[in-house]
Amino acid sequence: MAPTKVVGGPKISARRLMEDLHALRRFGAVDFDSSSRGGDGKAKGVCRPALTKADLEARGWFAERCREAGLATRIDKIGTTVAKGSSPPGGGKRLLCGSHSDSQATGGWLDGALGCAYALETARAFKDAGLPPAIDVVNFQDEEGRFGTLTGSGAFCSGGTLDWASPSLSPFEAAPKVTLREAVDLARPDLEAIGADMDLLLTVDDDDDDISGFFEAHVEQGRRLERGNRRCAAVSSIVGMRQLRLEAYGDTNHAGSTLMADRKDAFRALLGVVARVDEAFQELAEVAAPNLVWVFSVVDVAPGAPSIIPSKATCVLQFRDPDDRILDGARDAVDHLAQRSSSSVPVFVADDRPPLRPTRLDPAMVACVEDAVRSHLGPHDSLLAIHSGAVHDAASLANKAGVPSAMLFVPSINGISHDFTEDTHEDDIITGCQVFADAAANILRL
């Protein structure tokens, strides 16, 4: 269905919105400065990995704010929270809005929290304006991947399916190295303290009221909006991702007395393949895949002693693109280059995590968001909608549950995210929330 022209949504309260965001960042604050505002360069970083005490305290605070807004609020056994208004007259449409409040170990104050605050403020604005209570609010657990990819929204969209044996991937300094099941057991007192139902896993099918769509706001985590002098934009799609493990196996030997020709050095073999893959990806990006991005990380060398030739070397390669064909071609290139290695040491390639397919967000909902952006900020058609280079909970709703989904981005100062210095100008935060409320009202008119 074609989008309806924007006629304006309910007016949000900028004061209430900013109070919520600043209150939320107190939980897990790394260097809290009570006088800081958006975009003022003051410290706002947070450390709230999923199922830590700081994470659950933040979730409890947010749930209480939802209850104060008149929303019936439930928290499940892993901390995912859903807050619902009363059923609209005649069983009208409901729009699920939200994001996540957990963070990376070096987290920004707006990554995820912004989407939760926008959702709650929009629900309150609908209520203040006397509109039907059609906005439901969700705060998904573990979007940041302490226990895997999109843990909470994935369970929400798959009937509560969880890999309870998933290990914690957060640094030990930020969160214990335990499995998901162990983390829930350890956090049980804190979960119960915030009113979590330890027998409940919330799912998209829990309620009689059908969810007509999902709408998520987020910081861009890049520099396209900032460079384009844009205060917000719709999101057209979410990238897919491949994550591979490269492994080389050689022989240990003395690093001084073994001639170079006699060595089977696993790390040198791995470095050779890494260099060739990096060069091939650069060529692909220049010729046919301008949105392709990649990173080599998590390098491990064994036995890891200065005077011993490494017998094993591994690293992780992650690459992303909004086009599945590019991702498949890049994966084939990695396999080919590893097999062609001229070294006497073999290099093996394996999936480090299941592939994530790109997500095309709902065109009609995206058009509604574009209309709201245009009504506030003017045409600039080239930046009305952009793809997301990061993976978000909207991907779970769209791909796993088939729920029509849309997103809104606001700028990230200097493109910084997953870092304590992440920030967004306060004016952009406030403008983005009003655009979000207008877009939500427009989506509900579809």
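Remember, predicted model here, so these are calculated numbers, not experimental data.
Between F436 and F215, the ring-plane angle classifies as parallel under the 30° and 60° cut-offs.
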Could you walk me through whether E121 and S13 pass the side chain to side chain contact (heavy atoms under 4.5 Å, CB included) check?
CA-CA 7 Å; E121 180 53 33; S13 166; 3.6 Å; yes
Applying side chain to side chain contact (heavy atoms under 4.5 Å, CB included) to D163 and L180, what does each step give before you reach the verdict?
CA-CA 8 Å; D163 181 0; L180 174 57; over 6 Å; no
If you apply the rule salt bridge (charged side-chain N to carboxylate O under 4.0 Å, His left out), what do you find for R67 with E64, and how did you get there?
CA-CA 5 Å; R67 295 185 186 101; E64 188 56 34; 3.5 Å; yes
Under the criterion side chain to side chain contact (heavy atoms under 4.5 Å, CB included), I'd like the reasoning laid out for D102 against R59: C-alpha separation, chi angles, the key distance, then a yes or no.
CA-CA 9 Å; D102 61 288; R59 291 176 182 278; 3.3 Å; yes
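Applying the 6.0 Å contact sphere to NZ of K11 captures no more than 12 heavy atoms from other residues, nucleotides or ligands. Within a 6.0 Å sphere centred on CG of D332, other residues, nucleotides and ligands contribute more than 12 heavy atoms.
How far CD1 of I135 is from CZ of R94: 9.0 Å, rounded to the nearest 0.5 Å. In this structure, OG in S166 is found 8.5 Å from CZ in F147, a value given to the nearest 0.5 Å. Atom CG in N139 sits 7.5 Å away from atom OG1 in T80 (nearest 0.5 Å). Of the inter-residue distances, the one linking L114 atom CG with C433 atom SG reads 8.0 Å to the nearest 0.5 angstrom. Rounding to the nearest 0.5 Å places CD of E57 at 8.5 Å from OG1 of T52. Of the inter-residue distances, the one linking L17 atom CG with L21 atom CG reads 5.0 Å to the nearest 0.5 angstrom.
Proximity of M365 to V369: side-chain heavy atoms (C-beta onward) are nowhere separated by under 4.5 Å. At a threshold of 4.5 Å between non-hydrogen side-chain atoms, the residues T73 and T81 count as touching. Looking at heavy atoms from C-beta onward, L24 lies in side-chain contact with R48 at the 4.5 angstrom threshold. No side-chain heavy atom of L225 sits less than 4.5 Å from a side-chain heavy atom of V410. Between F319 and R331, the closest side-chain pair of non-hydrogen atoms falls below 4.5 Å. In this structure, R124 and D20 have side chains that are in contact, with non-hydrogen atoms separated by less than 4.5 Å.
Between the side chain of S375 and the main chain of A372, a donor-acceptor pair closer than 3.5 Å is present. A side-chain donor-acceptor contact under 3.5 Å links D55 to the backbone of L51.
Remark: D197 pairs with no residue by the salt bridge (charged side-chain N to carboxylate O under 4.0 Å, His left out) rule, at least two apart or across chains. For Q243, the side chain to side chain donor-acceptor pair (under 3.5 Å) partners at least two apart in sequence or on another chain are Q318, D352, R353. Applying the salt bridge (charged side-chain N to carboxylate O under 4.0 Å, His left out) test to E283 and every residue at least two apart in sequence or in another chain returns nothing. Here A119 pairs with C97, V137 under the side-chain contact (heavy atoms from CB on, under 4.5 Å) rule; sequence neighbours left out. Under the ring pair (Phe, Tyr, Trp, His ring centres under 6.0 Å) criterion, F126 pairs with no residue at all, not counting sequence neighbours. With sequence neighbours excluded, the residues forming a salt bridge (charged side-chain N to carboxylate O under 4.0 Å, His left out) with E68 are R65, listed by chain and number. With sequence neighbours excluded, the residues that form a side chain to side chain donor-acceptor pair (under 3.5 Å) with T421 are D419. For E220, the side chain to side chain donor-acceptor pair (under 3.5 Å) test picks out R224, with sequence neighbours left out. By the ring pair (Phe, Tyr, Trp, His ring centres under 6.0 Å) test, F62 is found to be paired with no residue, residues two or more places apart in sequence or in another chain being considered. Residues passing the salt bridge (charged side-chain N to carboxylate O under 4.0 Å, His left out) test with R37, sequence neighbours excluded: E426.
Under 4.0 Å is where a charged nitrogen must lie from a carboxylate oxygen, and between D128 and R16 at least one such pair does.
Under 3.5 Å, the side chains of Q141 and D76 contain no donor-acceptor pair of N or O atoms. Using a 3.5 Å distance cut-off with no hydrogens or angles, the side chains of D393 and H100 do not pair a donor with an acceptor. A donor and an acceptor atom, one from each side chain of H218 and D111, are located under 3.5 Å apart.
Residues A234 and E370 approach most closely at CB-CG, 3.9 Å, considering heavy atoms.
Every pair passing side chain to side chain donor-acceptor pair (under 3.5 Å) that includes a residue from residues 291-300 is listed here, sequence neighbours excluded: D278-W294. Judged as a salt bridge (Lys or Arg N to Asp or Glu O under 4.0 Å), the pairs with a partner in residues 354-364 (not counting sequence neighbours) are, in order, D324-R357, D328-R357.
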